[in-house]
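The analysis underlying the following values was restricted to heavy atoms, covering all of them including side chains, and did not include hydrogens, waters or symmetry mates. First listed ligand is number 1; within each ligand, the first listed atom is number 1.
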Amino acid sequence: MPAKVTIDQNECTGCGICYNDECPDVFMEGDDGNSNVKTMYQKGDKSVGEVPDNLVGCAKNAEAACPASAIKVE
Ligand code: SF4
């Protein structure tokens with residue numbers, strides 16, 4: 001099943017773990033250094049996206065690794 005991914009921009013510190021290390025297929029660095037959902041998966045907002053089956057595991061790894069608990073995958 002595809003999964004919904006959200007990034008809380010107020011919690012994100014721009015550490016880069018999600019977009020550099022854990023899951024660069026889903027996350028990218030935004031203009032302000034914070035994490036954004038990659039454009040191709042965005043759903044109307046840089047902080048909200050829907051990712052396909054094959055990337056759900058990677059997105060969940062980023063959710064688990066985020067030191068700010070800013071990522072939610074559901
Ligand atoms: S791992 Fe968390 S705090 Fe770090 S850039 Fe990604 S969303 Fe932001």
Side-chain angles (χ1 to χ4, degrees):
M1 292 244 307
K4 183 182 176 191
V5 175
T6 55
I7 305 159
D8 186 335
Q9 296 295 331
N10 293 322
E11 295 299 328
C12 175
T13 64
C15 73
I17 288 174
C18 62
Y19 57 71
N20 285 331
D21 302 317
E22 291 293 339
C23 196
D25 288 338
V26 170
F27 301 95
M28 65 178 185
E29 183 175 4
D31 293 339
D32 57 2
N34 277 8
S35 179
N36 292 176
V37 177
K38 280 189 108 170
T39 312
M40 65 189 298
Y41 300 123
Q42 285 181 15
K43 287 285 177 191
D45 188 273
K46 65 183 183 181
S47 303
V48 181
E50 186 176 273
V51 299
D53 265 5
N54 61 317
L55 291 176
V56 172
C58 152
K60 285 188 171 173
N61 288 344
E63 178 185 38
C66 174
S69 300
I71 298 171
K72 292 221 174 342
V73 181
E74 50 200 339

Novice: Which residue supplies the protein heavy atom nearest to atom 5 (S) of ligand 1, what is that atom called, and how far is it?
Specialist: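 Residue, atom and distance for the closest contact: G16 N, 3.3 Å.
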
Novice: Can you list everything that forms a side chain to side chain contact (heavy atoms under 4.5 Å, CB included) with D31? Sequence neighbours excluded, please.
Specialist: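 Residues passing side chain to side chain contact (heavy atoms under 4.5 Å, CB included) with D31: none at all.
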
Novice: Could you list the residues that satisfy disulfide (SG to SG under 2.5 Å) with C18, not counting sequence neighbours?
Specialist: none

Novice: Please determine whether side chain to side chain contact (heavy atoms under 4.5 Å, CB included) holds for the pair V5 and F27, giving the CA-CA distance in whole Å, both sets of side-chain angles, and the decisive distance to 0.1 Å.
Specialist: CA-CA 10 Å; V5 175; F27 301 95; 3.7 Å; yes

Novice: For C23 versus A59, what's the shortest heavy-atom pair and its separation?
Specialist: SG-N, 3.6 Å

Novice: V48 vs Q42, test: side chain to side chain contact (heavy atoms under 4.5 Å, CB included). Steps then yes/no.
Specialist: CA-CA 6 Å; V48 181; Q42 285 181 15; over 6 Å; no

Novice: Which residues pass the side chain to side chain contact (heavy atoms under 4.5 Å, CB included) test with A68, sequence neighbours left out?
Specialist: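 If we apply the side chain to side chain contact (heavy atoms under 4.5 Å, CB included) test to A68, skipping adjacent residues, the hits are T13, C66, A70.
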
Novice: By residue and atom, what protein N/O/S atoms are less than 2.8 Å from atom 2 (Fe) of ligand 1?
Specialist: C66 SG

